[in-house]
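Before any comments, here is the structure.
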Amino acid sequence: MLRMQLLPARLIKPRAIASRPASSALPSSSSPPAAGAGAGATTTLEDVAANRKGLAKVVLKKGKTQVFKNGNPMVYSGAVDRIIGRPPPKTGDAVLVADGSERPIGWGMYNSVSMFCVRLMQLEEEATRDPSYALNMEKLLEARLDAAVDLRQSMGLPSDDTNVYRLVNSEGDRLSGLIVDVFGDVAVIASSAAWIEKYKEEIEFLVGRVRNVNHIKWRPSIDILKEEGLEISYQGNPGSSSCPGRVKVMENGICYLISLEGQKTGFYADQRESRHLISSISRDRRVLDVCCYSGGFALNAAFGGAKDVIGIDSSSPALELAKENIQLNKLDPGRISFLREDATEFMKGAAARNESWDVVILDPPKLAPRRKVLQTASGMYRNLNSLAMQITKRGGLLMTCSCSGAMTQSGLFLRVLQGAASMAGRRITVLRQAGVACDHPIDPSYPEGAYLTNFLLRVL
């Protein structure tokens, strides 16, 4: 059995599960130092590794160590000088990561295929402070999940009016490749790393301990996992036959139906705070929500007292949810409606008719999935935003977003918006710049984790 340190009753509920044997144990005080450590004192990880047979060591090239000691968890293959160990490590194995002198700086999970050959899990200095889960993935998972629960509680999540939130945000919660979103009593686990698939049973068990979680849906990121060397055929979650296909949740007092087969994990909790802002600035205004998906911004505008709200999207399933959300919240269908339209064609038509709105929201899908397409995507963002500015009343507000990591990390989005304003013959003023909601922590040592940019502009 996996030995658990129980959280307070308000956070978890008990559940029993069979688990793989513990992967390591701390050495006794009489354990000899690891071979090859030299005359000086051994490190904590070397002491723990002395009890592990066949533990490989990934040695970094000279000059490549500091970025990982500073906290970046993604050890790319180009930073590796050599691997010490026979037989060589396999994908999913725990390995030591060492500097050029072979002294460990941390440990992580190895992948023999991915461009990221190690995802660091714990640094040497952390293992020295708390050796209880050094080289022990089961105990580390427990500690990190517990910390994630505590962090969300400190942010007021869940609450009486919000039961949809992100519980684990990959590198931001120091579990690289793992996403967990909670939708009411359902937890959706998105896997994008080979080590996560190896520890699937342990992860499901630990997430299942979180209070109010009664169902778990496992959603592997098939294309990304192929790059990790795994061929996975996604056929739902055979272990969760009772998991509903749709679930009702609440965010800031507004109810939503979520399809668990929808985009990403099913709902964009990262825009929670921006949706709430739209609710507060929409009273007595005409509002247009472009690329509305299931209607998040539009519903908030209606709740905020907008006199007329239109949502536009090209996805029929998303719009069906949006229309059901009108009924779910007992909103006046004469005041809020959703249309199946191509975003570009709709905005072109509205501009040709000289039609305009007081508040426009533009939240398109990811247009720059990789840096190599950033230039092309910049042109697409510029054209979309130019149209959005043309149909925003002079003096009105445009909330425009990019969920492309390449765009956000480049810092070019505002320049693109300036170009869009020039195309549209408008001037813009930045009123607010935001990113993800507080339950999506970002580790500054891994800036690649930042992906969402949200600007609120005044259009003149």
Side-chain angles (χ1 to χ4, degrees), residues 148-149 151-169 172 179-190 210-215 217 244-283 287 289 291-306 309 311 313 315 317-331 335-336 338 359 361 363 399 401 403 432 434-441 451-452 454 456:
V149 170
L151 177 61
R152 274 62 183 184
Q153 281 216 323
S154 72
M155 297 290 104
L157 294 167
S159 66
D160 290 341
D161 66 359
T162 298
N163 64 359
V164 50
Y165 62 99
R166 177 151 292 182
L167 176 62
V168 177
N169 193 47
I179 296 289
V180 182
D181 283 341
V182 176
F183 303 138
D185 69 344
V186 178
V188 179
I189 302 173
V210 176
R211 189 182 180 191
N212 295 328
V213 171
N214 296 321
H215 307 282
K217 185 172 184 64
R246 302 200 307 177
V247 61
K248 184 174 80 171
V249 300
M250 181 181 290
E251 180 190 82
N252 294 324
I254 300 176
C255 295
Y256 299 85
L257 276 175
I258 292 176
S259 170
L260 299 182
E261 303 299 330
Q263 297 175 19
K264 291 196 173 179
T265 58
F267 189 74
Y268 296 97
D270 51 7
Q271 291 273 32
R272 179 191 310 107
E273 291 153 16
S274 294
R275 282 191 288 265
H276 188 59
L277 176 62
I278 288 295
S279 180
S280 69
I281 63 176
S282 294
R283 180 164 297 280
V287 179
D289 182 4
C291 303
C292 66
Y293 190 48
S294 58
F297 284 109
L299 292 166
N300 274 269
F303 257 79
V309 184
D313 205 278
S315 168
L319 291 175
E320 287 302 313
L321 284 174
K323 291 172 182 177
E324 289 187 67
N325 287 335
I326 294 176
Q327 299 175 356
L328 189 63
N329 290 283
K330 298 180 172 59
L331 294 170
R335 213 159 48 84
I336 177 171
F338 294 99
V359 179
I361 302 104
D363 187 13
M399 178 176 281
C401 315
C403 63
R432 171 185 181 260
V436 293
C438 64
D439 52 346
H440 291 60
Y451 66 92
L452 179 65
N454 180 305
L456 181 65

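With hydrogens and angles disregarded, no donor-acceptor distance shorter than 3.5 Å links the side chain of R166 to the backbone of I179. The closest donor-acceptor contact from the side chain of N325 to the backbone of L257 lies under 3.5 Å.
Side-chain contact between C403 and Q271: absent, with no pair of heavy atoms (C-beta onward) separated by less than 4.5 Å. Contact annotation: the side chain of Y451 approaches that of V436 to within less than 4.5 Å [non-hydrogen atoms, C-beta and beyond]. Taking 4.5 Å as the limit, every side-chain heavy atom of C255 sits out of range of all side-chain heavy atoms of L299. At least one side-chain heavy atom of S259 sits under 4.5 Å from a side-chain heavy atom of L321.
Remark: D363 pairs with no residue by the salt bridge (charged side-chain N to carboxylate O under 4.0 Å, His left out) rule, at least two apart or across chains. Residues satisfying the salt bridge (charged side-chain N to carboxylate O under 4.0 Å, His left out) test with D439, not counting sequence neighbours, are R272. Scanning for side chain to side chain donor-acceptor pair (under 3.5 Å) contacts around N163 gives an empty result, with sequence neighbours left out. Every residue two or more places apart in sequence or in another chain that forms a side chain to side chain donor-acceptor pair (under 3.5 Å) with T265 is listed here: D181. Partners of D161 by side chain to side chain contact (heavy atoms under 4.5 Å, CB included), not counting sequence neighbours, listed by chain and number: S159, M250. Partners of R246 according to the side chain to side chain donor-acceptor pair (under 3.5 Å) rule, which considers only residues two or more places apart in sequence or in another chain, are E324. Under the ring-ring contact (aromatic ring centres under 6.0 Å, His included) criterion, F183 pairs with no residue at all, not counting sequence neighbours. For S294, there are no side chain to side chain donor-acceptor pair (under 3.5 Å) partners, not counting sequence neighbours. Judged as a side chain to side chain contact (heavy atoms under 4.5 Å, CB included), and not counting sequence neighbours, the contacts of L151 are S154, D173, P441.
Considering all non-hydrogen atoms of both residues, D289 and A298 come closest at OD2-N, 3.0 Å. Here the closest heavy-atom approach between residue V309 and residue A302 is recorded as CG2-N, 4.0 Å. Scanning both residues, D313 and Y293, for their nearest heavy atoms gives OD2-N, 2.8 Å. Between L260 and P244, the shortest heavy-atom distance links the atoms CD1-O, 3.0 Å.
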Under 3.5 Å, which donor-acceptor pairs link side chains of residues 275-282 to any protein atom two or more places apart or in another chain?
residue, atom, partner, partner atom, Å
R275, NE, E251, OE1, 2.8
R275, NH1, Y268, O, 3.0
R275, NH2, E251, OE1, 3.3
R275, NH2, E251, OE2, 2.8
R275, NH2, Y268, O, 2.7
S279, OG, N300, O, 3.4
S280, OG, L277, O, 2.7
S282, OG, I278, O, 2.6

